[in-house]
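Okay, structure first, notes after.
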Amino acid sequence: SKLLMKEFSTYSLNTINKPIILFSMQPLEIPEFIFNVIKNTQNKFQWIIRLHPGMDNEINEYKNILNKKGINNFILQQSTSIPLFIILQKINLNITLSSTVCNEALAYKKPSIIISEYGKKCFQEGIDNNAFSYSDNFENLINTIENYINGNISPNVNYAENYFCTELTTIINNTNFLKPIYKSDD
């Protein structure tokens, strides 16, 4: 649509010349330490803060929250109008409370850091298999970001291939997907 193209060209991701970090938000309580990390790294990294689709009407509220916390170098509104797959191609790192965007990022071989206890429970297997990382405080999150950005660690993309193939097989085997819709009389 014309609106999408206008917003995309207004702030093209192709013009960013520093590492890009996506914060995939959800309608959950956001730990204060993530705001402190963004504030302390906003000049070093380009932060894209993507609201959960159910939060689209809260864009102005989150702009105000971020500004009040001293965060003024971020992309918010544009990221919600750009398809996720375009963003995932451009980012260096994804951070989330517990969003399945970490699975999609892994499909693009992009690392994800999970920052909530709930997210840790949801993605424990991926964390145990080094597909994702978990951070629950300011210092650990800063260190993990730096390690990913500097290439000192990377996600276990083999886990992704095995995980997605296993999940697809499970889905196919446990549904009527691809099974005959009717029986012939033969």
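- Across every non-hydrogen atom of Y148 and S112, the tightest pair is OH-O, 4.2 Å.
- The list of ring pair (Phe, Tyr, Trp, His ring centres under 6.0 Å) pairs with a residue in residues 19-49, not counting sequence neighbours, is empty.
- Here CE of M25 is found 7.5 Å from CG of L97. Values are rounded to the nearest 0.5 Å.
- Between L141 and I95 there is a side-chain heavy-atom pair separated by less than 4.5 Å.
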Derivation of the side chain to side chain contact (heavy atoms under 4.5 Å, CB included) call for L22 and V101: CA-CA 10 Å; L22 173 64; V101 170; 4.3 Å; yes
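- Contacts of N130 classified as side-chain contact (heavy atoms from CB on, under 4.5 Å), with partners at least two apart in sequence or in another chain: N156.
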Identify each donor-acceptor pair in which a side-chain atom of residues 84-93 lies under 3.5 Å from a protein atom, sequence neighbours left out, and give them as a table.
unit_1 : atom_1 : unit_2 : atom_2 : d
Q89    : NE2    : F85    : O      : 3.4
K90    : NZ     : N14    : OD1    : 2.5
N92    : OD1    : I20    : N      : 2.7

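- Here the side chain of T41 pairs no donor or acceptor atom with the backbone of K44 at under 3.5 angstrom.
- The side-chain contact (heavy atoms from CB on, under 4.5 Å) test applied to T100 returns N103, E104, F123, not counting sequence neighbours.
- Partners of D136 by side-chain contact (heavy atoms from CB on, under 4.5 Å), not counting sequence neighbours, listed by chain and number: Y134.
- Under the side chain to side chain donor-acceptor pair (under 3.5 Å) criterion, Q124 pairs with D128, sequence neighbours left out.
- Remark: N40 pairs with no residue by the side chain to side chain donor-acceptor pair (under 3.5 Å) rule, at least two apart or across chains.
- In this view, E117 satisfies the salt bridge (charged side-chain N to carboxylate O under 4.0 Å, His left out) rule with no residue, not counting sequence neighbours.
- By the side chain to side chain donor-acceptor pair (under 3.5 Å) test, K69 pairs with E32, sequence neighbours left out.
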Audit row: F74, I38, side chain to side chain contact (heavy atoms under 4.5 Å, CB included) steps and yes/no: CA-CA 9 Å; F74 60 90; I38 296 170; 5.6 Å; no
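- We find the CG-CD1 distance between N150 and I145 to be 11.5 Å, quoted to the nearest 0.5 Å.
- Atom-to-atom distance recorded for I115:CD1 and T144:OG1 is 11.5 Å, nearest 0.5 angstrom.
- To the nearest 0.5 Å, atoms CD1 (I127) and OG (S133) are separated by 8.0 Å.
- In this structure, T96 contributes its side chain and S24 its backbone to a donor-acceptor pair below 3.5 Å.
- Distance SG/C122 to NZ/K120: 12.5 Å, rounded to 0.5 Å.
- With sequence neighbours excluded, no residue forms a side chain to side chain donor-acceptor pair (under 3.5 Å) with Y62.
- Atom-to-atom distance recorded for I114:CD1 and S98:OG is 8.0 Å, nearest 0.5 angstrom.
- Across all their heavy atoms, G70 and K39 have their closest contact at O-CG, 4.0 Å.
- Using a 4.0 Å cut-off between charged side-chain N and carboxylate O, E58 and K63 make no salt bridge.
- With sequence neighbours left out, N72 forms a side-chain contact (heavy atoms from CB on, under 4.5 Å) with Q42, N67.
- K121 pairs by the salt bridge (charged side-chain N to carboxylate O under 4.0 Å, His left out) definition with nothing, not counting sequence neighbours.
- Annotation: K18, atom NZ; neighbour count of heavy atoms from other residues, nucleotides and ligands within 6.0 Å is above 12.
- In this structure the side chain of I16 reaches within 4.5 angstrom of the side chain of I75, judged on heavy atoms.
- At distances below 3.5 Å, at least one donor-acceptor pair connects side-chain atoms of N137 with backbone N or O atoms of E139.
- Between the side chain of Q26 and the backbone N or O of S99, at least one donor-acceptor pair lies under 3.5 Å.
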N73 and N43: CA distance, side-chain angles, deciding distance, side chain to side chain contact (heavy atoms under 4.5 Å, CB included) verdict: CA-CA 7 Å; N73 184 11; N43 294 322; 4.0 Å; yes
